[in-house]
A.B. asks: 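Encoded as structure tokens, here's the structure I'll be asking about.
Convention: sequence-line order gives letters A, B, ...; per-chain numbering from 1.
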2 protein chains.
Amino acid sequence: MTKKTNIAEIARLAGVSTATVSYVINDVDKVSEKTKERVRKIMADLDYIPSINARSLSNGRTKLIGVTLPLIAPSDTTGTLLETNPFFAEYLGEIHKVIASYGYDILLSGIQVKGKYKNWIKSRGLDGIILLGSYPPDIYEEVKALGIPTVLTDIYETYANDFHSVNTDDAEGSYLAAKHLIGLGHKKIGFVGGSIKESPIHNNRYLGYGKAMLEGNLKINNDCVFETLTTFEGGVKFAQRLMKEKVDLTALVVDADIVALGIMKACQDAGKKIPDELSIVGFDDIQAASFTSPGLTTIRQFISKKGEIAANLIMKDILANTRTTDSQMVKSKLIIRGSTKKI
Amino acid sequence: MTKKTNIAEIARLAGVSTATVSYVINDVDKVSEKTKERVRKIMADLDYIPSINARSLSNGRTKLIGVTLPLIAPSDTTGTLLETNPFFAEYLGEIHKVIASYGYDILLSGIQVKGKYKNWIKSRGLDGIILLGSYPPDIYEEVKALGIPTVLTDIYETYANDFHSVNTDDAEGSYLAAKHLIGLGHKKIGFVGGSIKESPIHNNRYLGYGKAMLEGNLKINNDCVFETLTTFEGGVKFAQRLMKEKVDLTALVVDADIVALGIMKACQDAGKKIPDELSIVGFDDIQAASFTSPGLTTIRQFISKKGEIAANLIMKDILANTRTTDSQMVKSKLIIRGSTKKI
DNA sequence: CTGAAAGCGCTTACAG
DNA sequence: CTGAAAGCGCTTACAG
């Protein structure tokens, strides 16, 4: 490895000061076109690339944005999360795409220990952070104290108002799902969701379903609302219970594709035909929703749209050095495949 | 925001020099236990966290590792890649897990323009890079010139010898797949793979299949070896052709799950029963392989194992400041689900 | 065991 | 339009 060329060497070769070289690098309008040319030529010849690191130290910007994933179970890692939930990968990728166009990079992390997270942000000098999913409330206090641009994703809690936030219109999504089933003539429609009482997201999805049922003059009782873990296994177990208890439903609004796929698989493995004996609508439109036969009718979340919005919100604050708090809602859309049928 | 406390302030408060504080931070064995205690106490009280950035500038280590994804099509982004190929997400996550335990972080990138990639590495001062998948040959020249620890993944080409490399035993994998089918009594077994001639990975998978066929005294002719795009759509199109041309095969060794899933879906949608009319074995064991009904019999790649190895190889070189070139091969394993059946 | 000081590679008022 | 110099927050020989 040849010794790294630095700004001093460029300055020496160009016969100017390091300040002037710096101005050229940053395209500060203080240097004559002639000098600029000369300096640029030398930089190109020496294949000189300024160190972002050194720049950060003097101007206080690292051009680094932290993206944080919710490690809930002790066994969760950023790996298992990225692997099992396609949402994160797509969101992450879209953020990367936007911020890379500004010369920014992403630093990935999960949150394990509370204080450690804050220290990580400080030690790396992150310019901003984007949080995916929800965390223990005190995390938000910590983040707020940091005072850096922050975007929250899929958070409905009140502290969302202290930051930028990006959401999917969850209620509208399951409303569309239920409406679709009602339009197909279904009357006994169940709802399957994650912890409805504790998670505002799941609760909103439940409310959208409820609204559609109400409009359709259909009854909701305790026998048609179910809670499961939001995993494939959760869906499998639910379906097994459903079949065993012979619950009398012709259709299901499921608030996550991963669960809907589990239900579908368990039913099919047991010989229960989808959609002939049971219509199913999912939520998310993950890639695998189109892999099954029949394909899963679902509510598409425009994840990349959300990622793009999140990235732009944070870049706006970083570049303008402001601390605004926008809240944006992204529409969802019904995608009809083969898992739903007229009754 | 309160003003950032720095090492000078700690030194002042503790009545020592900044050098001493630095020694305490780095746990250099030069300071008396008593002084250490005092300094540590003050650091804790002030919630002081050293800037990695500043440290990097003086010691030359950024504690940053670049992970690079192969953007092949012009429309590829890190996002679409992470989303459509679960391999990347899992690999990335596992690397993250390992290096995070050393206080390192990951910087993500795709390779679009050649020179830009090199400049990115230089400007960020990355301590090492891990490349997933294959790239145009000149990229390897560039990377080599950089002289930083580098790990290649799934590369068989000769330049792999200049770096660390991690591979799956591809040939063994499809050998196991074909053996399984032969054991079930199949004789007319086809192979479906990506560009067999151009990609050593696909070629190796093809060779494994060939070896098993040979051992089983089964014929391979041009009518039973097929090339497709390694995408879900590629699988769908192949299956449609297969059914239209009424190719006389009872089983398929497919060299990627994503393709196998496309084949299965197209067959099922057309009323062709899996595994009754056609047995299928995939390769990879992506998450969706267990979502379908029947589940996909496949060859599991131990992706997280590969990620762990890659991360450890690079950390070893970084910490010891060496440039070694190990080459590691990870075994694969047959996972039997419902897509294969005795004939 | 502890400190003074140079250095890492930049930026940025300030002066001219 | 250009430069001298201080500063960003650390580390690290070197000296004692």
Side-chain angles (χ1 to χ4, degrees), chain A residues 1-40 42-43 46-64 103 119 122-127 321, chain B residues 1-40 42-43 46-64 103 119 122-127 321:
Chain A
M1 292 250 348
T2 49
K3 197 178 159 307
K4 207 172 176 314
T5 63
N6 59 21
I7 204 173
E9 175 144 8
I10 303 292
R12 190 174 55 75
L13 259 28
V16 296
S17 71
T18 58
T20 298
V21 177
S22 174
Y23 295 146
V24 174
I25 291 169
N26 294 291
D27 215 10
V28 176
D29 199 19
K30 283 183 158 198
V31 185
S32 71
E33 205 45 54
K34 214 179 130 197
T35 309
K36 270 189 186 171
E37 295 275 299
R38 183 156 41 96
V39 173
R40 284 205 188 104
I42 292 171
M43 294 198 296
L46 268 70
D47 207 11
Y48 166 74
I49 302 293
S51 155
I52 295 186
N53 221 358
R55 301 174 81 160
S56 304
L57 198 56
S58 43
N59 71 14
R61 319 206 124 177
T62 53
K63 294 196 163 198
L64 246 27
N119 291 349
K122 283 172 74 175
S123 69
R124 282 291 183 191
L126 304 185
D127 287 348
N321 196 24
Chain B
M1 292 246 353
T2 48
K3 200 178 159 304
K4 207 170 175 313
T5 63
N6 59 21
I7 204 173
E9 174 146 9
I10 303 291
R12 191 173 53 75
L13 259 27
V16 296
S17 72
T18 58
T20 299
V21 177
S22 174
Y23 296 145
V24 174
I25 291 169
N26 294 292
D27 216 9
V28 177
D29 200 18
K30 283 183 157 195
V31 185
S32 71
E33 205 45 53
K34 214 180 126 197
T35 308
K36 269 190 188 171
E37 294 276 299
R38 183 156 41 95
V39 173
R40 283 205 189 104
I42 292 171
M43 293 198 296
L46 270 70
D47 206 13
Y48 167 75
I49 301 295
S51 153
I52 295 185
N53 220 358
R55 301 174 81 160
S56 302
L57 198 57
S58 44
N59 72 11
R61 317 206 127 178
T62 53
K63 295 197 163 196
L64 247 25
N119 291 349
K122 283 172 74 175
S123 69
R124 282 289 183 193
L126 304 184
D127 288 347
N321 197 22

A.B. asks: Which part of the nucleic acid, if any, lies within contact of B/Ser56, taking any heavy atom under 4.0 Å across all strands shown: a base, the sugar-phosphate backbone alone, or nothing?
C.D. replies: nothing
A.B. asks: Could you measure the distance from the CD1 atom of B/Ile42 to the OH atom of B/Tyr48? Nearest 0.5 Å is fine.
C.D. replies: 12.5 Å
A.B. asks: Of all the choices, C/dC1, C/dT11, D/dC10, which nucleotide is nearest to the side chain of B/Thr35 once you look at every atom?
C.D. replies: C/dC1
A.B. asks: Let me know the distance between CD of B/Glu37 and C1' of C/dC1, rounded to the nearest Å.
C.D. replies: 16 Å
A.B. asks: Quickly work out the B/Asp27 CG to C/dC1 C1' distance and round it to whole Å.
C.D. replies: 15 Å
A.B. asks: Between B/Ala11 and B/Thr18, which heavy-atom pair has the shortest distance, and what is it?
C.D. replies: CB-N, 3.7 Å
A.B. asks: Write down the distance between CD1 (B/Ile52) and P (D/dT11), rounded to a whole number of angstrom.
C.D. replies: 11 Å
A.B. asks: Would you mind telling me which residue lines up with the more 5' stretch of DNA chain C, B/Ala54 or B/Asp29, judged by nearest nucleotide?
C.D. replies: B/Asp29
A.B. asks: Looking only at heavy atoms, which two atoms of A/Ile52 and A/Thr62 are closest? And how far apart?
C.D. replies: CG2-O, 3.9 Å
A.B. asks: Closest approach to the side chain of B/Pro50, judged atom by atom: which nucleotide of C/dG9, D/dC10, C/dT11 is it?
C.D. replies: D/dC10
A.B. asks: Between A/Arg40 and A/Val24 (side chain of the first, backbone of the second, donor and acceptor by atom type, cut-off under 3.5 Å), is there such a pair?
C.D. replies: no
A.B. asks: B/Ser51 side chain N/O closer than 4.0 Å to the phosphate oxygens (OP1, OP2) of D/dC8?
C.D. replies: no
A.B. asks: Mark yes or no for whether A/Ser56, through its side chain, and A/Arg61, through its backbone, hold a donor-acceptor pair below 3.5 Å.
C.D. replies: yes
A.B. asks: Between the main-chain N or O of A/Ala8 and the side-chain N or O of A/Asn6, is there a donor-acceptor pair closer than 3.5 Å?
C.D. replies: yes
A.B. asks: Can you tell me how far P of C/dG9 sits from CE of A/Met43, to the nearest Å?
C.D. replies: 17 Å
A.B. asks: Drop me the distance from B/Thr5's OG1 to B/Leu13's CG, to the nearest 0.5 angstrom.
C.D. replies: 9.5 Å
A.B. asks: How many Å lie between NZ on A/Lys36 and P on D/dT2, as a whole number?
C.D. replies: 10 Å
A.B. asks: Is it true that atom CG of A/Asp27 has more than 12 heavy atoms of other residues, nucleotides or ligands lying nearer than 6.0 Å?
C.D. replies: yes
A.B. asks: Counting only side-chain heavy atoms from C-beta out, which of C/dT11, D/dT11, D/dC1 sits nearest to B/Ile25?
C.D. replies: D/dT11
A.B. asks: How many Å lie between CZ on A/Arg55 and P on C/dC10, as a whole number?
C.D. replies: 9 Å
A.B. asks: Measure from CZ on B/Arg124 to C1' on C/dG9 and round the result to the nearest Å.
C.D. replies: 15 Å
A.B. asks: For nucleotides 12-16 of chain D, which of its nitrogen or oxygen atoms have a protein nitrogen or oxygen under 3.5 Å away, and what is each distance?
C.D. replies:
{"unit_1": "D/dA13", "atom_1": "N6", "unit_2": "B/Tyr23", "atom_2": "OH", "d": "2.7"}

A.B. asks: So what does B/Gly15 touch, heavy atoms closer than 4.0 Å: a base, only the sugar-phosphate, or nothing?
C.D. replies: sugar-phosphate
A.B. asks: Which of these nucleotides, C/dT2, D/dG9, C/dC10, is closest to any side-chain atom of A/Tyr48?
C.D. replies: C/dC10
A.B. asks: Rounded to the nearest 0.5 Å, how far does NZ of A/Lys36 lie from CD1 of A/Ile25?
C.D. replies: 12.5 Å
A.B. asks: Any base atoms under 4.0 Å from B/Val16, or only sugar-phosphate, or nothing? Heavy atoms, all strands.
C.D. replies: sugar-phosphate
A.B. asks: Looking at every heavy atom in both B/Lys63 and A/Arg124, which two are closest together, and how far apart are they?
C.D. replies: O-NH2, 2.6 Å
A.B. asks: Using atom CD1 of A/Ile7 as one end and atom C1' of D/dA5 as the other, report the distance to the nearest whole Å.
C.D. replies: 14 Å
A.B. asks: Toss me the dot-bracket line for DNA chain D: Watson-Crick and G-U wobble, both under 3.5 Å, 5' to 3', using | for pairs to another strand and [ ] for crossers.
C.D. replies: |||.||||||||.|||
